[in-house]
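Scroll down for the structure; my scribbles are underneath it.
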Amino acid sequence: RAKEQGGGTFAHFDPTMRHQAVARLRLEADLVTALRRDELQLFYQPIMALGERRLMGFEGLVRWIHPKEGVIPPSQFIEQAEESSLILDIGAHLFNQACAQAARWRRLLGDGAPTISVNLSARQFADPALIRLIDSAMASHKVPGKALKLEVTETSILAHADLVLNQIHAIRERGLAVVIDDFGTGYSSFSHLLQFPIDGLKIDRRFVAQIGQDRRSTAIVDAMITLARSLELNLVAEGIETPEVANYLTAHGCWGGQGYLFDRPLSAEAAMQRLELALPEPEPLGKAAQ
Ligand code: C2E
Ligand code: MG
Ligand code: MG
Ligand code: MG
């Protein structure tokens, strides 16, 4: 139609569409540069066992440390990256980064080191090369599967259901746990979901934030706790911001939690310091002599 009108390819684009297309190309080019310059960094948010209030693991959450713009959150670039195969390069880079970090912590802490949970996009999860990527990253950093967990959304599972079942089997054979992120917010049916041999669920922040405020959200959280317990799935509530919410979840038998009440996502160095704080106190030297 643009030709009929005698214009160029962009003739039927209105200025905002054209602007958006240009902005997108620019973002993609900038992300390629960011990857090359190692500006995409995982931050680590502690995941606590609610009963003992003990640090069990970290969720890796990407930030773009931009030399001019400062710290850019994933909401500003992950979705766009998912529209192209760029997300596969980013995902591979971040999975390797997580393995390198897990290896560092394991050198210091051995088997007691915290696990690292890595978020996977739908496209990564459906990528047949995923298993090779996992194998090579784990081998080059000498990290066992039990040091890692993968977080996927229910929507990304159902979008590629047949493919994904094999992927889940292959991932779990390697010892990595698979957990469903943002549980209850995507499109899913229980019967469909239960065909997938998963290890755990994460309750989305929008339910958690409403605990004790909104009767319906609280009922949904109660139901998820019951479901997880009877299916023997690990359960982590995300977005815990108040002691009241933490206490409610603990009292109702939710195993794990993460949120600003405990910690924000921390840089790798800050996470290391946080870990040192969480280590058991050394035997006080010379106490007997006092
Ligand atoms: P998500 O995986 O559900 O991560 C939880 C989000 O909640 C994170 O936002 C985290 O910083 C935030 N959060 C944690 N505790 C609290 C709290 O107490 N209060 C509030 N208000 N927020 C809290 P973030 O880091 O901005 O990440 C947003 C989303 O971006 C993630 O949601 C995930 O879907 C995606 N994402 C992050 N990192 C990666 C990555 O490495 N790869 C992929 N594919 N996606 C990622
Ligand atoms: Mg997540
Ligand atoms: Mg989540
Ligand atoms: Mg979420």
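Just so it is clear, the structure is predicted and the values come from calculations on it, not from any experiment.
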Transitive ILVMFWY side-chain link V245 to I47, under 4.5 Å: no

Value rounded to 0.5 Å, distance of OG in S117 from CE in M56: 11.5 Å

Shared hydrophobic cluster, L148 / L109 (ILVMFWY, side-chain heavy atoms < 4.5 Å): yes

From CG (D182) to CZ (F207), nearest 0.5 Å: 9.5 Å

Any pair counted as salt bridge (charged side-chain N to carboxylate O under 4.0 Å, His left out), so long as it reaches residues 29-39, sequence neighbours left out: R37-E39

Nearest non-hydrogen partners of G186 and T155, listed with the distance: CA-OG1, 3.4 Å

Which atom of Q258 lies closest to which atom of V236, heavy atoms considered: OE1-CG1, 4.0 Å

G145 backbone acceptor or donor facing R174 side chain under 3.5 Å: no

Beyond-backbone contact of R24 with E83, side-chain heavy atoms, under 4.5 angstrom: yes

Nearest-0.5 Å distance that lies between atom CD1 in I211 and atom OG1 in T242: 8.5 Å

Gap separating the CD atom of Q45 from the CD atom of E238, nearest 0.5 angstrom: 8.5 Å

All pairs passing salt bridge (charged side-chain N to carboxylate O under 4.0 Å, His left out) where residues 183-196 contributes a residue, at least two apart: none

Value rounded to 0.5 Å, distance of CZ in R106 from NZ in K146: 5.5 Å

Pairs flagged by salt bridge (charged side-chain N to carboxylate O under 4.0 Å, His left out) wherever residues 239-256 is involved - sequence neighbours left out: none

Pairs touching residues 96-137 that satisfy ring-ring contact (aromatic ring centres under 6.0 Å, His included), sequence neighbours left out: Y44-W105, F58-W105

Close side-chain approach of P74 to L61, heavy-atom, < 4.5 Å: no

Verdict with reasoning, D89 to H93, per side chain to side chain contact (heavy atoms under 4.5 Å, CB included): CA-CA 6 Å; D89 297 332; H93 179 79; over 6 Å; no

Side chain to side chain, F183 and L227, heavy atoms closer than 4.5 Å: yes

Nearest atoms (heavy-atom pairs only) where F95 meets L150: CE1-CD2, 3.9 Å

Shortest non-hydrogen contact between E82 and A122, atoms and distance: OE1-N, 4.3 Å

Closest approach of G256 to L50 (non-hydrogen atoms, all atoms of both residues): O-CD1, 3.5 Å

More than 12 heavy atoms from other groups under 6.0 Å of CZ on R53: yes

Check against side chain to side chain contact (heavy atoms under 4.5 Å, CB included), L108 and L275: CA-CA 11 Å; L108 290 165; L275 260 182; over 6 Å; no

N119 side-chain N/O to G60 backbone N/O, donor-acceptor pair under 3.5 Å: yes

Side-chain heavy-atom pair F43, I65 within 4.5 angstrom cut-off: yes

Within 6.0 Å of CD in E232, more than 12 heavy atoms from elsewhere: no

Single-linkage hydrophobic cluster L27~V32, side-chain heavy atoms < 4.5 angstrom: yes

Minimum side-chain heavy-atom gap I225-R229 below 4.5 Å: yes

Transitive ILVMFWY side-chain link L35 to I72, under 4.5 Å: yes

Q97 side chain to L42 backbone, donor-acceptor under 3.5 Å: yes

Under 3.5 Å: donor-acceptor pair, side chain of R172, backbone of H169: no

Atom of I168, atom of P197 and distance for their closest heavy-atom approach: CG2-O, 3.5 Å

Transitive ILVMFWY cluster of Y260, excluding itself - 4.5 Å side-chain cut-off: none

ring-ring contact (aromatic ring centres under 6.0 Å, His included) pairs, two or more places apart, involving residues 226-248: Y248-H252

Rounded distance (nearest 0.5 Å) linking atom CE of M48 with atom CD1 of I240: 9.5 Å

hydrophobic_cluster_shared for I180 and V164, side chain cutoff 4.5 Å: yes

Side-chain donor or acceptor of N96 paired with backbone N/O of A92 under 3.5 Å: yes

Side-chain donor/acceptor of E154 to backbone N/O of T185, under 3.5 Å: yes

Full working for side chain to side chain contact (heavy atoms under 4.5 Å, CB included) between W64 and L31: CA-CA 9 Å; W64 181 354; L31 276 169; 3.7 Å; yes

Beyond-backbone contact of I198 with V179, side-chain heavy atoms, under 4.5 angstrom: no

Heavy-atom side-chain proximity of I134 to I171 below 4.5 angstrom: yes

Donor-acceptor under 3.5 Å (E151 side chain, D181 main chain): no

Sub-4.5 Å side-chain heavy-atom contact between Q101 and I116: yes

Step-by-step side chain to side chain contact (heavy atoms under 4.5 Å, CB included) determination, Q210 to I220: CA-CA 10 Å; Q210 294 300 319; I220 288 173; over 6 Å; no

Flag, side chain of S217 to backbone of D214, donor-acceptor distance under 3.5 Å: no

Pair R274 + D263, salt bridge at N-O below 4.0 Å: yes

Expected output: side-chain S85 to main-chain L88 donor-acceptor under 3.5 Å: no

N/O donor-acceptor pair under 3.5 Å between T33 side chain and A29 backbone: yes

